[in-house]
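Shown next, in structure tokens, is the structure this report addresses.
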Amino acid sequence: MRVRFAPSPTGYLHIGGVRTALFNWLFARHHGGKFILRVDDTDQARNVADALQPIMDGFKWLGIDWDEGPDVGGPHAPYFQSQRSDFYDQAVAKLLAEGHAYKDFSRPAEFGAERQAAEKEKRQFIYSRQWMAETEADVTRFEAEGREAVVRLKMPREGQCQFHDMVRGAMSFEWSGEQDHVIQRKDGSCLYHLTNVVDDGAFEISHVIRAIEHLSNTPRQIFIAQSLGLKLPQYAHLPFVAEPGSSNKLSKRKLDKYLKNRDFKVLYDHGEQIARQIGLTASPETFNPVIIDFYREIGFLPDAIVNYLLLLGWSLDDHTEDFSREAMIRDFSLERINKAPASFDPQKLSAFQGRYMWRLSMAARLEMVLPYLQRAGFIALPVTDDVKSKVKAILEAASERISIAGDILDYSEFFQADEKIEYDEKAFRKRVVNAVAQRELLKKFRQPLATASDFSAPGIEALLRNFVEQEGVGMGMVVHALRVSLTGKAVGFGLFDIVAILGKESCLSRIDRALMFAEEQS
RNA sequence: GGCGCGUUCGUCUAGUGGUCUAGGACGCUGGCCUCUCACGCCGGUAACAGGGGUUCGACUCCCCUACGCGCUACCA
């Protein structure tokens, strides 16, 4: 079994492309076959190496490795279509020689006129082939008229093309519905359908697993393959990945439109906030939830993304959702691919991410989170053991509140100087400024805190419980004012953890500062 | 216009003629827990696109319609 994914070097790895590649990869791994990466760079307008790097990096990050292709080479090299033109030329020559293709000397305007006439009469366009050169004499004559030739496929005009699609079942197309497609331009460069089929043949691809938009292209590719005497691959056409909340195909170009989708915007804003804190330029070219880099930048787990994508168009049964790599390789099959398009759901992706993050060991989470603190300027390199244990304590206290590695930046108050804490204005007013009784209690609680010998979370809890009992009030009378004073925020993890992590000195200093501001304002 | 593909809760899906008063997950939502938020636990909400057949019986098979998407390029 040999399968391939053929990305164009566009500079970014699209979520939909990843899903297609993943299914190919899983199929190969399940059957012990080969997964090949082939670079579709026939459009050589851009710098291929630069534009390919982010794609390869994305696959490597996701753990989708390839057995043959760029970087790793292989027995069928080169794997860049721009370097394979000899193969294409030979194929065109063979098709021409055996009458499966012809030189067409029509001028674009002439050909276009025929097509327009057909469209105007609302009938199917079938080229007259009146500028087809069948003999050398024709060629000479047309060239004498100053014409240039492209090479067109000489498609059958009767009968059906029938094939089996492993996702969709029996397929049947009328040959008469097919056009005489151009396979080679005037300048000698070859077009997609030809290059694709030639390479699949050369690479001995056994299964072509690709997106549904290629289903209609299959008959003409079969024609080319058969004319070239190539063994036909099995085909499997995948449903496309649709936009959130619509059945349109997901596209990187429509970021503005997707941002109107609430869930998509929540994800984007979340990422953008992290990006801003680590000094990352959120360029729409790469920083976009349709592109895989987005997730890597803000601290998603590749396993979570892969697991989510696996379920976008495929399922094992009515209840299994968590798949380790081993499990998905073991259980994957083309037969269980869904036929209908599947919408990309940012919320469900986030749910997977949360689950995967929480399953990670403390050591792994710590390693994930440290770079964000470094890049935001909160911790210095090298990271000392003291800093590590502090971050670890924060991770423990925050537990599932940190679902993306970049979320650690939500707790920046633990790394800021005491005099730099910014207060959430509303919370500060409600809990400290206007809450006069609570403020007095806070002032009073400062004393036992200052003399506490046990500054662990349980120690602080005992201290506070004892305090409120003596005062004859509820915990709420102290907790809220204290939290806002210490962190500037109304929400966060357990207060006793906050106190313990900050330590006595910081706590007292922050309490004093908050009380001072509150008294100024009231 | 022609050809092709698709259509089960808001979303991802289970379902291959009776087990479906349609199951699971995400979301949303009520409650419990509770120092806030989150987690967790218990509960709730919500779907077979429409119409004809076939059949004792249809989400499942057939036809039509509607809607969506793709191909119909000297794009890939």
Side-chain angles (χ1 to χ4, degrees), chain A residues 6-8 10 40-43 81 104 106 108 111-112 115 118-125 148 150-152 165 167-168 171-174 176-179 181-187 189-193 195-196 210-220 237 239-240 242 244-249 262-263 308 311-322 336 338-352 354 358 398-403 410 427 431 461 464-465 468 474-484 487 489-496 498:
Chain A
S8 290
T10 51
D40 262 359
D41 59 344
T42 46
D43 168 20
Q81 290 199 320
D104 179 51
S106 68
F111 190 88
R115 181 173 24 229
E119 278 169 14
K120 202 171 171 185
E121 293 165 36
K122 294 199 190 300
R123 63 175 161 80
Q124 160 136 42
F125 169 57
E148 291 179 297
V150 295
V151 176
R152 286 186 187 276
D165 186 286
V167 174
R168 273 146 234 283
M171 293 289 126
S172 177
F173 291 81
E174 293 292 329
S176 60
E178 287 291 318
Q179 305 295 335
H181 288 97
V182 173
I183 52 173
Q184 187 174 43
R185 299 185 182 93
K186 286 186 185 66
D187 67 4
S189 60
C190 290
L191 265 36
Y192 168 73
H193 294 298
T195 60
N196 188 270
R210 63 189 358 175
I212 182 83
E213 54 260 41
H214 293 290
L215 180 61
S216 302
N217 297 332
T218 305
R220 85 195 60 138
H237 288 96
F240 57 79
S246 119
S247 58
N248 287 34
K249 190 180 153 188
R262 193 179 144 272
D263 300 336
Y308 170 71
L311 265 9
L312 214 50
W314 181 88
S315 66
L316 177 65
D317 53 31
D318 63 343
H319 64 279
T320 313
E321 287 217 324
D322 286 327
R336 289 202 61 84
N338 231 63
K339 292 184 176 72
S343 294
F344 173 67
D345 181 355
Q347 279 187 318
K348 190 143 186 173
L349 205 207
S350 298
F352 272 97
W358 186 229
S399 72
E400 296 179 23
R401 291 173 188 81
I402 293 180
S403 81
D410 288 346
R431 298 299 191 185
E461 176 164 10
L464 180 61
R465 288 199 187 278
V468 295
M475 293 260 286
M477 288 299 283
V478 180
V479 162
H480 303 296
L482 186 51
R483 168 179 280 108
V484 176
T487 66
K489 295 169 183 172
V491 299
F493 49 74
L495 179 68
F496 310 121
I498 292 172

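Remember, predicted model here, so these are calculated numbers, not experimental data. Labels below follow one simple rule: chain letters A, B, ... track the order of the sequence lines, proteins then strands, and each chain is numbered from 1.
When the side-chain hydrogen bond (donor to acceptor under 3.5 Å, both in side chains) test is applied to A/R336, no partner is found at least two apart in sequence or on another chain. Scanning for side-chain hydrogen bond (donor to acceptor under 3.5 Å, both in side chains) contacts around A/R210 gives A/T218, A/Q221, A/H237, with sequence neighbours left out. With sequence neighbours excluded, the residues satisfying side-chain contact (heavy atoms from CB on, under 4.5 Å) with A/L191 are A/V182, A/R185. A/A427 pairs by the side-chain contact (heavy atoms from CB on, under 4.5 Å) definition with A/D424, A/V484, A/A490, not counting sequence neighbours. Under the side-chain hydrogen bond (donor to acceptor under 3.5 Å, both in side chains) criterion, A/N338 pairs with no residue at all, not counting sequence neighbours. The ring pair (Phe, Tyr, Trp, His ring centres under 6.0 Å) search around A/H214 returns A/Y192, not counting sequence neighbours. Qualifying salt bridge (Lys or Arg N to Asp or Glu O under 4.0 Å) partners for A/E178, counting only residues two or more places apart in sequence or in other chains: A/R220. By the side-chain hydrogen bond (donor to acceptor under 3.5 Å, both in side chains) test, A/Q124 pairs with no residue at all, sequence neighbours left out. A search for ring pair (Phe, Tyr, Trp, His ring centres under 6.0 Å) contacts involving A/F493 returns A/Y411, A/F414, not counting sequence neighbours.
Distance, A/N338 CG to B/C12 P: 9 Å, rounded to whole Å. Between A/L311 atom CG and B/C26 atom P the separation is 12 Å, expressed in whole Å. As rounded to whole Å, 14 Å separates atom C1' of B/U29 from atom CD of A/Q347. Taking atom NE2 on A/H480 and atom P on B/U34, their separation rounds to 14 Å, with Å as the unit. In this structure, CZ of A/F344 is placed 17 Å from P of B/C26, rounded to the nearest angstrom. Separating the CG atom of A/D318 from the C1' atom of B/A25 is a distance of 11 Å, rounded to the nearest angstrom. One atom, CG of A/D317, and another, P of B/G15, lie 9 Å apart when rounded to the nearest Å. Rounded to whole angstrom, the span from the NZ atom of A/K348 across to the C1' atom of B/C12 amounts to 5 Å.
Nucleotides B/U60 and B/A14, compared at atom P, are 16 Å apart to the nearest Å. On the C1' atoms, B/C56 is 44 Å away from B/C71, given to the nearest whole Å. Comparing the P positions of B/G2 and B/G24 gives a spacing of 44 Å, expressed to the nearest Å. Comparing B/G52 with B/G18, their P atoms are spaced 23 Å from each other, to the whole Å. For the C1' atoms, the distance linking B/U55 with B/C61 amounts to 10 Å, nearest Å. Nucleotides B/C74 and B/G15 place their P atoms 42 Å apart, quoted to the nearest Å. B/U34 and B/C20 are spaced 39 Å apart, taking the P atom of each and rounding to whole Å. Taking atom C1' in both B/G50 and B/A66, one finds a spacing of 7 Å when rounded to whole Å.
In this structure, the separation between OG1 on A/T487 and CG on A/L495 is 8.5 Å, given to the nearest 0.5 Å. A distance of 9.5 Å separates OH in A/Y308 from OG in A/S350, rounded to the nearest 0.5 Å.
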Collect all protein-nucleotide pairs involving nucleotides 37-40 of chain B in which both atoms are nitrogen or oxygen and the distance is under 3.5 Å.
unit_1, atom_1, unit_2, atom_2, d
B/C37, O2, A/R401, NE, 2.6
B/C37, O2, A/R401, NH2, 3.4
B/C37, O2, A/G492, O, 3.3
B/C37, N3, A/R401, NE, 3.4
B/C37, N3, A/R401, NH2, 2.4
B/C37, N4, A/R401, NH2, 3.2
B/A38, N3, A/R401, NH2, 3.4
B/C39, O3', A/E400, OE1, 3.2
B/C39, O2', A/E400, OE1, 2.8
B/C39, O2', A/E400, OE2, 3.0

If you restrict it to nitrogen or oxygen atoms, what contacts under 3.5 Å exist between nucleotides 43-50 of chain B and the protein, and what is each distance?
none

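For the OP1/OP2 pair of B/U11 and a distance below 4.0 Å, the side-chain nitrogens and oxygens of A/S343 include no atom meeting the criterion. For the OP1/OP2 pair of B/A76 and a distance below 4.0 Å, the side-chain nitrogens and oxygens of A/T42 include at least one atom meeting the criterion.
In a base pair of the Watson-Crick type (N1 to N3 plus N6-O4 or O6-N4) or a G-U wobble (N1-O2 and O6-N3), with each distance short of 3.5 Å, B/G68 is matched with B/C5. The base-pairing partner of B/C20, taking Watson-Crick or G-U wobble contacts with both distances under 3.5 Å, does not exist among the strands shown. Across all strands shown, B/U55 has no partner, as no Watson-Crick or G-U wobble contact with both distances under 3.5 Å is found. With a cut-off of 3.5 Å on both Watson-Crick or G-U wobble distances, the partner of B/C32 is given as B/G40. Under the Watson-Crick or G-U wobble criterion, with both distances below 3.5 Å, B/A73 has no partner in any strand shown. Under the Watson-Crick or G-U wobble criterion, with both distances below 3.5 Å, B/A14 has no partner in any strand shown.
Contact annotation for A/R262: no contact, since no heavy-atom pair falls under 4.0 Å across all strands. Looking at heavy-atom distances under 4.0 Å, A/Y192 makes contact with a base. Within 4.0 Å of A/Y308, counting heavy atoms only, lies no atom of the nucleic acid at all. Contact annotation for A/L495: base contact, defined as any heavy-atom pair under 4.0 Å involving a base atom. Looking at heavy-atom distances under 4.0 Å, A/R168 makes contact with sugar-phosphate atoms alone, never a base.
For A/F240 and A/F344, the gap between ring centers reaches or exceeds 6.0 Å.
Listed candidates were B/A25, B/C26, B/A14. Nearest to the side chain of A/R336 is B/A14.
Using a 4.5 Å heavy-atom cutoff, the side chains of A/L464 and A/M475 are in contact. Here the side chains of A/F352 and A/D322 are in contact, with some heavy-atom distance below 4.5 Å.
With the nearest nucleotide of RNA chain B identified for both A/K339 and A/P239, A/K339 has the one nearer the 5' end. Both A/D345 and A/R465 sit near RNA chain B, but only A/D345 has its closest nucleotide nearer the 5' end.
The closest side-chain donor-acceptor pair between A/Q81 and A/D40 falls under 3.5 angstrom.
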Where protein sits on nucleotides 68-74 of chain B, one letter per nucleotide: B base, S sugar-phosphate only, - none, heavy atoms under 4.0 Å:
SSBSSSB
